[in-house]
Amino acid sequence: MSQNLVGGGFLVSAIGAFPQFIPEELSDDAKDIGRAARDFMEAEILPNDAAIDKLDLELCRKLVGLAGETGLLSLEIPEEFDGMDMDKLTGLLVLEEMGRQPSFSVTYGAHTGIGSLPIVYFGTSEQKATYLPKLAVGEWIAAYALTEANAGSDAMNSKTTATLDGEHWVLNGSKMWITNAGFADVFVVFAKVDGKKFSAFIVEKTDPGFSIGAEEMKLGIKGSSTRALTFENCRIPKDRLLGRMGFGHRIAFGILAIGRFKLGAGCNGIAKDVLKYTLKYASERVQFGKTINNMGLIRQKLSDIAMRIYVAESINYRTVGYINDKMHNISWTEENAASNKMDVMDEFQIEASLMKVWDSEALGLIADDSVQVFGGYGFSSEYPPEKIYRDNRINRLFEGTNEINRMIIAGQIFKKCGNQTLTFCKDISNLPILGSGYLAWASHAVEIAKRQFQYSTATALELVGQKLIENQEASARVADMAMEIFAMESAVVRAGKMNSISHRWKEFASNLANVFVNETIGKIRNNACLLLAEVLEGVNLESAIKDLSVFDTCIPVSSSKLRDIIAGDLIEKGIYPIEQL
């Protein structure tokens with residue numbers, strides 16, 4: 001992959017200018033690991049779905065241990081500490097499978113991701129040797145403690161303190177909403193040294209002065225343990241400081257960025273199961289003398305669920321492909337390996353955040369459409385849509401709320417424009433030209449969308465500068481445009497690559513990409529106009545809107561015809577047909 005690729009570069013480059021990894025290119029070894037994860041889910045987790053959701057802590061701990069025996073906890077742990085050090089694309093397959101049981105997925109993700117990775121990336125050799133082998137096999141379970149009552153999105157507002165007393169740190173304060181707290185053995189805890197230097201520490205459940213509260217009663221993911229933590233003169237050895245004093249923000253935000261793309265993968269895993277049972281119900285439910293899968297608005301919902309799965313999958317493998325390619329070139333044996341790997345996450349903050357936002361919101365729409373297809377039965381806990389409708393809601397809050405992630409996307413774009421890493425074009429005389437060939441219309445639409453984005457964002461930045469981030473609604477429009485452009489391009493490029501290898505589902509992919517672009521291009525135009533209205537008024541706004549209208553050269557196609565073909569393929573197959581395993 002080109003070393004010139006930068007985060008956000010898709011906004012200023014021609015469609016497909018940089019290589020894009022697609023799931024159809026996964027190696028046989030990666031697929032073998034994915035199948036092992038699927039076998040584990042179908043043998044151990046899905047049969048225990050009801051018991052897991054009753055929060056049987058003993059069972060949950062047992063299941064994590066079984067995942068460890070299968071090797072599924074050690075994928076990102078270096079080999080010298082009994083891990084497999086697998087690439088992140090392989091991990092993506094595993095995360096999709098784990099997502100099929102949302103509560104267990106949360107438990108698994110908290111342990112293998114935000115719980116273990118701070119030690120993987122920032123631990124000393126001694127800390128890694130002490131904890132990682134136990135975490136790799138599930139002998140110990142990890143948790144991550146950042147959030148406080150008054151420090152949620154504003155994580156740096158932490159009130160938990162750490163004071164050095166001889167050979168021990170003394171922690172005082174509290175944390176809340178801590179996943180895995182009910183059965184975790186080791187916690188990565190953030191506190192301010194002497195109330196000032198934000199730092200990370202390793203706390204064990206048996207440390208004196210450390211206590212755990214009762215289980216929280218939650219809307220969804222009821223089978224995951226969520227509790228508060230209290231530190232009352234909690235004493236831990238001096239060598240439990242994780243990373244450098246005062247650099248806790250580097251650990252907290254770097255690991256959360258990794259957690260964002262991991263969460264996106266899990267969302268898409270369960271989405272495929274939702275489509276499967278929704279298709280089955282639609283083929284059995286009879287109304288007005290025919291099954292409801294013959295009805296236009298039901299077929300629309302079925303095709304839209306598949307479309308969102310396809311687009312999310314395209315986004316996910318593209319994003320993780322970029323991150324994996326850069327990280328793969330950095331060996332753990334190199335000096336400053338962890339810091340260099342974190343630099344990769346810094347570079348691709350835009351893509352990681354948009355993957356999290358797009359996937360979590362897509363799953364929300366998918367869950368809602370499934371409830372609607374089931375009708376009144378969808379509102380009943382005896383049918384599957386009710387559960388995913390509740391379970392999916394947390395994903396827009398986890399790993400930074402979607403509002404915070406939109407500000408991250410916009411902030412990074414503004415920063416890169418400010419230092420000229422990205423340069424936006426306002427030229428309205430040099431218009432993208434509709435070409436010929438496969439997916440020419442969709443490709444042209446993506447190019448038009450990029451120019452509309454560039455024109456409106458460049459205009460806003462010229463007038464307001466970096467202070468544009470202070471207008472959160474305007475910034476969110478920038479983020480939404482960038483997100484949908486990335487989604488459209490990912491879907492179209494993937495469909496083109498599937499066509500080039502004569503994939504059996506190439507036409508299905510093409511139809512999905514075309515209907516998504518058809519439905520999305522207008523959103524770019526609307527947000528571009530509304531962004532201009534945030535910074536201009538009167539004749540100046542009229543002039544800018546007139547300039548923007550020059551890019552209105554994309555003539556829509558019939559979505560209903562495309563959706564009808566898509567729905568037909570789905571009904572015939574009975575599942576999301578582009579299978580990787």
Side-chain angles (χ1 to χ4, degrees), residues 23 26 28-76 84 86 88-113 115-116 136-138 141 179-180 183 220-225 262-280 309 312-313 316-317 320 359 363 366-367 370 384-385 387-388 391-392 394-395 574-581:
L26 284 163
D28 289 339
D29 287 344
K31 292 179 181 180
D32 286 342
I33 298 292
R35 291 187 190 99
R38 175 169 292 182
D39 290 345
F40 170 75
M41 290 297 293
E42 293 182 350
E44 305 292 349
I45 304 303
L46 298 181
N48 283 299
D49 180 77
I52 291 171
D53 281 352
K54 291 179 181 177
L55 193 54
D56 183 332
L57 296 183
E58 183 178 346
L59 173 64
C60 289
R61 182 163 189 123
K62 174 186 174 183
L63 293 173
V64 173
L66 290 174
E69 292 177 11
T70 310
L72 296 173
L73 303 183
S74 64
L75 298 184
E76 293 184 82
M84 299 172 68
M86 299 292 290
K88 286 180 167 43
L89 289 165
T90 300
L92 199 57
L93 270 179
V94 174
L95 290 163
E96 282 189 9
E97 292 300 319
M98 295 298 166
R100 296 171 63 192
Q101 211 295 333
S103 290
F104 184 78
S105 177
V106 170
T107 300
Y108 175 86
H111 172 79
T112 60
S116 297
V137 297
I141 295 175
T179 299
N180 289 357
F183 46 73
I221 55 167
K222 294 179 180 291
S224 67
S225 176
K262 287 173 172 284
L263 182 144
C267 286
N268 212 35
I270 187 62
K272 294 176 183 178
D273 277 0
V274 174
L275 177 59
K276 183 177 180 179
Y277 62 63
T278 305
L279 282 167
K280 183 175 185 296
I309 291 171
E313 200 171 50
N316 295 355
Y317 282 92
V320 178
D359 283 21
L363 179 56
I366 287 168
S370 181
K387 181 174 180 292
I388 188 58
D391 283 344
N392 92 87
I394 188 63
N395 294 310
I575 58 173
Y576 177 70
I578 312 177
E579 299 177 278
Q580 308 305 330
L581 301 180

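Source: prediction; values computed, not measured. The first residue of the sequence shown is numbered 1, and numbering continues consecutively from there.
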Could you give the distance from [atom1] ([X]) to [atom2] ([Y]), rounded to the nearest 0.5 Å?
{"X": "Leu72", "Y": "Leu66", "atom1": "CG", "atom2": "CG", "result": "10.5 Å"}
{"X": "Thr107", "Y": "Leu57", "atom1": "OG1", "atom2": "CG", "result": "9.5 Å"}
{"X": "Leu63", "Y": "Leu59", "atom1": "CG", "atom2": "CG", "result": "4.0 Å"}
{"X": "Met86", "Y": "Ile33", "atom1": "CE", "atom2": "CD1", "result": "4.5 Å"}
{"X": "Lys222", "Y": "Asp391", "atom1": "NZ", "atom2": "CG", "result": "9.0 Å"}
{"X": "Glu313", "Y": "Lys272", "atom1": "CD", "atom2": "NZ", "result": "4.0 Å"}

Exercise. Would Leu93 and Tyr317 satisfy side chain to side chain contact (heavy atoms under 4.5 Å, CB included), going step by step from the backbone distance to the final call?
Worked result: CA-CA 10 Å; Leu93 270 179; Tyr317 282 92; 3.4 Å; yes

I need the minimum non-hydrogen distance between [X] and [Y], along with the two atoms involved.
{"X": "Leu95", "Y": "Ala265", "result": "CB-CB, 3.8 Å"}
{"X": "Ile575", "Y": "Leu275", "result": "C-CD2, 4.5 Å"}
{"X": "Ala136", "Y": "Leu73", "result": "O-CB, 3.4 Å"}
{"X": "His111", "Y": "Asn180", "result": "N-ND2, 3.6 Å"}
{"X": "Ala367", "Y": "Asn392", "result": "CB-ND2, 3.7 Å"}
{"X": "Ile270", "Y": "Gly99", "result": "CB-O, 3.2 Å"}

Exercise. How far apart are the C-alpha atoms of Glu58 and Phe183, what are their side-chain angles, what is the distance that settles it, and do they pass the side chain to side chain contact (heavy atoms under 4.5 Å, CB included) test?
Worked result: CA-CA 8 Å; Glu58 183 178 346; Phe183 46 73; over 6 Å; no

Exercise. Taking only residues two or more places apart in sequence or in another chain, which ones pass side-chain hydrogen bond (donor to acceptor under 3.5 Å, both in side chains) with Thr90?
Worked result: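 So Thr90 forms a side-chain hydrogen bond (donor to acceptor under 3.5 Å, both in side chains) with Asp87.
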
Problem set entry | Main-chain N/O of Ala67 paired with Tyr108 side-chain donor or acceptor, under 3.5 Å |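 Between the backbone of Ala67 and the side chain of Tyr108 there is no qualifying donor-acceptor contact (under 3.5 Å).
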
For this session: For atom NZ of Lys31, decide whether the heavy atoms of other residues, nucleotides or ligands shown that lie under 6.0 angstrom number more than 12.
Result: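 Counting other residues, nucleotides and ligands, NZ of Lys31 exceeds 12 neighbours.
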
Problem set entry | side-chain hydrogen bond (donor to acceptor under 3.5 Å, both in side chains): pairs with one or both residues in residues 43-52, sequence neighbours excluded |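 Residue pairs with at least one partner in residues 43-52: Asp49-Gln101.
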
Flag side-chain contact, heavy atom, 4.5 Å: [X] against [Y]:
{"X": "Ser116", "Y": "Glu76", "value": "no"}
{"X": "Tyr576", "Y": "Asn268", "value": "no"}
{"X": "Ile366", "Y": "Ile309", "value": "yes"}

For this session: Would you kindly say whether Ser370 and Thr278 are connected by a side-chain donor-acceptor distance under 3.5 Å?
Result: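 On atom types as modelled, these side chains qualify, holding a pair under 3.5 Å.
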
For this session: Could you pull out all residues at least two apart from Arg100 that satisfy side-chain contact (heavy atoms from CB on, under 4.5 Å)?
Result: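 With neighbours one apart ignored, the set is Arg38, Met41, Glu42, Leu46, Glu97, Asp273.
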
For this session: Would you check, one step at a time, whether the test side chain to side chain contact (heavy atoms under 4.5 Å, CB included) holds for Asp53 with Lys387?
Result: CA-CA 10 Å; Asp53 281 352; Lys387 181 174 180 292; 2.3 Å; yes

